[in-house]
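Quick caveat: nothing in here was measured; it's all calculated off a predicted structure. Numbered from 1 within each chain, the chains take letters A, B, ... in sequence-line order.
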Number of protein chains: 2
Amino acid sequence: MATIFDVAKIAHVSKSTVSRVINGDPRVKPETKRAVEDAIAQLQYSPSYFAKGIRTGQTKTIAFLVPEYTNMFYGEMFNGVEDTAVREGYMVMVCNTGNAISEKEYINELLKRNIDGIIYNTYGVKPAMMRYLKQISEEIPIIFMDEVIGKKENVSCVYTDGYLSTMQGVHFLKKTGCKKIGYIRNMDSIQATESRFEGFKDGLKECGLPYLPQFVYQCPAEQNTDYMKAGIQAGTYFASLKGERPDALMTAIDLLAIGCVTALCNTGIHVPEDISVIGYDNISLGELTCPALTTIAQPTREMGKIAAEMLIDQIRKGAKEKTKKIFEGEIIVRQTTRQIGRRGRM
Amino acid sequence: MATIFDVAKIAHVSKSTVSRVINGDPRVKPETKRAVEDAIAQLQYSPSYFAKGIRTGQTKTIAFLVPEYTNMFYGEMFNGVEDTAVREGYMVMVCNTGNAISEKEYINELLKRNIDGIIYNTYGVKPAMMRYLKQISEEIPIIFMDEVIGKKENVSCVYTDGYLSTMQGVHFLKKTGCKKIGYIRNMDSIQATESRFEGFKDGLKECGLPYLPQFVYQCPAEQNTDYMKAGIQAGTYFASLKGERPDALMTAIDLLAIGCVTALCNTGIHVPEDISVIGYDNISLGELTCPALTTIAQPTREMGKIAAEMLIDQIRKGAKEKTKKIFEGEIIVRQTTRQIGRRGRM
DNA sequence: CTGTTAGCGCATTCAC
DNA sequence: GTGAATGCGCTAACAG
């Protein structure tokens with residue numbers, strides 16, 4: 001590996017001058033600049049990130065933290081993050097905080113490697129963790145991809161308004177003629193989706209529809225978060241209901257909805273004729289199931305893109321101001337809901 | 001940030017001694033070691049990876065290269081990689097080579113950051129790229145997750161034997177009574193799955209079954225690799241066949257199979273009664289489709305785990321020996337194939 | 001067993 | 001405009 005010194009030697013200048021042309025210092029005579037550039041090209045020289053980092057404190061590397069990577073949702077988001085990061089000369093470390101080591105240990109490892117910033121996805125943070133994160137965010141910028149945190153705290157964040165979207169979902173169901181709408185809540189270990197449930201309740205109010213506690217199912221916490229299975233359990237619960245059943249169900253996330261639809265169909269309940277179901281997130285699986293899932297979409301990739309842009313901007317400016325970007329969800333109508341104006345089967 | 005010097009001062013020793021206890025040098029008196037450790041704890045000191053790296057050349061960081069990240073297959077593999085990497089004190093950069101910059105540029109960026117090793121997934125490499133990769137592998141270890149490369153070149157690799165597995169798939173189909181087996185080949189831009197097709201042809205020979213070229217469909221290359229769509233096109237092709245049709249189809253990957261089944265069903269052809277279909281990869285979607293897909297599974301997560309272990313081992317030993325680990329595929333029998341011993345519909 | 005010394009490759013003063 | 005000198009935080013000889 002060639003060093004700055006080798007370049008200097010070949011170009012017949014000093015190390016300082018080489019350093020200057022690398023860093024775009026304007027006060028270098030064009031011809032010496034050319035000479036240096038030739039030497040760099042000739043040696044295929046590229047500065048060591050270590051030596052550079054030791055002086056500047058920057059690594060041109062950011063971290064993308066997710067609670068669970070098998071969830072395709074984060075895969076999509078990552079694409080947005082990575083695409084713009086790479087374009088800006090940043091590499092991204094992906095950190096699955098649900099794996100071998102704890103979130104805090106993970107962040108410490110990251111800090112040791114002097115990453116320049118963090119894009120933080122979570123299912124929920126404890127107060128102690130939140131304090132820790134805010135402390136870190138004094139050192140390096142953090143973008144929170146979380147509605148609950150984003151609303152409550154003075155932090156930079158980007159998220160989709162689950163409260164509003166779910167509320168709109170209720171309105172939509174009402175238009176298709178549903179009157180007894182139930183909800184499948186996420187496991188209570190996962191706070192990030194709770195504002196959706198809030199939106200559900202307030203949507204009911206807005207529509208003048210009753211809130212029926214027996215039609216709200218909360219998934220039990222499990223060691224391995226298998227949402228499909230949880231959804232199936234939820235569907236089994238609703239199928240087992242004696243007497244009245246809901247005529248529609250909203251869910252915290254798509255997999256819950258898909259699992260639920262599966263269970264419902266297996267017990268002879270027709271979707272959407274007997275019960276409409278709406279998911280949340282618009283994972284690609286939803287368009288392949290049968291019937292295809294009506295859902296609320298987040299602009300996942302775009303969110304990743306914006307988050308990366310915000311982060312890199314803050315890194316460059318060294319700015320301490322917090323910025324927020326809130327997206328709106330979009331209802332994707334497919335086959336698990338009835339069409340507006342039509343009646344279900346009698 | 002505290003430095004090694006601060007620790008030395010507090011512990012009343014020299015920097016070297018601090019360095020020694022950090023790096024586990026055995027020849028340090030237990031009590032001085034304790035003193036140093038106390039000082040480290042007190043200052044919450046942790047060594048700078050820059051300064052360390054500039055001397056050792058190591059970053060405790062590896063790269064995980066994938067051609068396309070939305071493919072869940074890599075998500076699963078990543079979990080295996082990351083889990084063991086983190087356990088061993090390594091962080092992993094995820095690089096989607098299908099995105100903003102070219103594979104070669106990407107690798108150069110990685111090299112600049114002095115990563116310690118690479119786990120390399122590809123859809124296919126050109127000879128020039130291969131030369132480049134082999135050159136790099138003189139510097140840092142690379143694990144190739146690719147059967148075609150692995151078989152041909154003297155490199156470290158881990159993969160599932162697609163040749164053998166597909167061959168076994170043919171035997172399986174024969175046992176269920178299939179006699180005219182066709183195949184859906186991947187786009188020709190994707191070389192990585194080609195050995196599966198070879199296994200298909202040789203499996204036919206072993207079974208004494210005819211190779212019927214008109215029953216082999218090759219997906220056309222597309223700009224955006226949408227396998228579902230390609231599968232649907234394939235299915236449409238087979239449905240359109242006048243006269244004789246295959247009584248079974250094997251496919252290069254699951255999504256092709258799923259798309260094909262969809263198209264077949266839509267044209268009134270029954271799966272598996274009229275045509276059996278077998279996928280490859282066992283993506284989670286396969287168990288949710290209707291009928292659920294019979295497929296050949298790779299131990300994806302385990303492969304990631306082994307790859308990371310091999311890589312880290314090579315990094316530590318600085319060994320130049322290449323190691324290979326080949327897994328066997330496993331046929332997951334679901335609903336798109338007929339049961340052994342039963343006849344299809346008459 | 002431990003301290004001293006000398007760089008690693010670079011950015012950044014400070015002189016000229 | 002440019003070069004020389006200094007130090008970032010650490011490891012690795014080399015002495016004791």
Side-chain angles (χ1 to χ4, degrees), chain A residues 1-40 43-61 89 108 111-116 139 316 318, chain B residues 1-40 43-61 89 111-116 139 315-316 318:
Chain A
M1 269 294 172
T3 82
I4 197 171
F5 187 73
D6 301 322
V7 178
K9 209 160 49 181
I10 292 198
H12 301 294
V13 294
S14 74
K15 292 189 301 176
S16 327
T17 306
V18 178
S19 177
R20 283 191 189 101
V21 338
I22 290 170
N23 296 297
D25 192 316
R27 48 182 189 182
V28 206
K29 214 195 303 180
E31 45 188 284
T32 58
K33 186 179 170 194
R34 276 272 299 285
V36 171
E37 279 166 348
D38 286 351
I40 288 176
L43 266 55
Q44 298 204 55
Y45 162 79
S46 92
S48 150
Y49 271 66
F50 287 134
K52 196 169 190 150
I54 212 175
R55 302 282 312 169
T56 63
Q58 302 229 330
T59 42
K60 297 281 184 189
T61 303
N108 283 335
L111 257 26
K112 275 197 234 171
R113 283 171 179 74
N114 294 75
I115 52 154
D116 297 342
E139 309 276 333
R316 293 217 171 112
Chain B
M1 269 292 170
T3 81
I4 197 171
F5 187 73
D6 301 323
V7 178
K9 208 161 49 182
I10 292 198
H12 301 293
V13 293
S14 74
K15 293 190 301 176
S16 326
T17 306
V18 177
S19 177
R20 282 188 190 105
V21 338
I22 290 169
N23 297 297
D25 192 317
R27 46 182 192 182
V28 197
K29 213 199 301 178
E31 45 188 286
T32 58
K33 186 178 169 193
R34 277 271 300 284
V36 171
E37 279 166 348
D38 286 350
I40 288 176
L43 267 56
Q44 298 205 56
Y45 162 79
S46 92
S48 151
Y49 271 66
F50 287 135
K52 195 170 190 149
I54 212 176
R55 300 285 313 170
T56 63
Q58 302 230 330
T59 42
K60 296 281 183 188
T61 303
L111 258 25
K112 275 197 234 170
R113 284 170 178 75
N114 295 74
I115 52 152
D116 297 342
E139 309 276 333
I315 291 170
R316 294 217 171 113

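Residues Lys15(A) and Thr3(A) have side chains not in contact (no heavy-atom distance under 4.5 Å, counting atoms from C-beta outward). In this structure, the side chains of Phe50(A) and Asn114(B) come closer than 4.5 Å at one or more pairs of heavy atoms. Side-chain contact between Asn23(B) and Lys52(B) is present, with at least one heavy-atom pair separated by less than 4.5 Å. Two residues are said to be in side-chain contact when any heavy atoms from C-beta on lie closer than 4.5 Å; Ile40(B) and Ile22(B) meet this criterion.
Atom CD in Gln58(A) sits about 17 Å away from atom P in dC10(C), given to the nearest Å. The distance between atom CG of Asp25(B) and atom C1' of dT2(C), rounded to the nearest whole Å, is 10 Å. With rounding to whole Å, Leu43(A) atom CG is found 11 Å from dC10(C) atom P. Distance OH (Tyr49(A)) to P (dC10(C)): 12 Å, rounded to an integer number of Å.
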Close N/O contacts between protein and nucleotides 5-9 of chain C (under 3.5 Å):
residue : atom : partner  : partner atom : Å
dG7(C)  : N2   : Arg55(B) : NE           : 3.1
dG7(C)  : N2   : Arg55(B) : NH1          : 3.0
dG7(C)  : N3   : Arg55(B) : NH1          : 3.2

So which protein N/O to nucleotides 14-16 of chain C N/O distances come out below 3.5 Å?
none

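In terms of phosphate contacts, Thr56(A) brings no side-chain nitrogen or oxygen within less than 4.0 Å of OP1 or OP2 of dC10(C).
Under a 3.5 Å cut-off, the side chain of Arg27(B) and the backbone N or O of Arg20(B) do not form any donor-acceptor pair.
Counting only heavy atoms from C-beta on, Val28(A) has its side chain closest to dT2(D) among dT2(D), dG3(C), dT11(D).
Here Val18(A) lies out of heavy-atom contact (under 4.0 Å) with every strand. Note on Ser19(A): a base of the nucleic acid sits closer than 4.0 angstrom, heavy atoms only.
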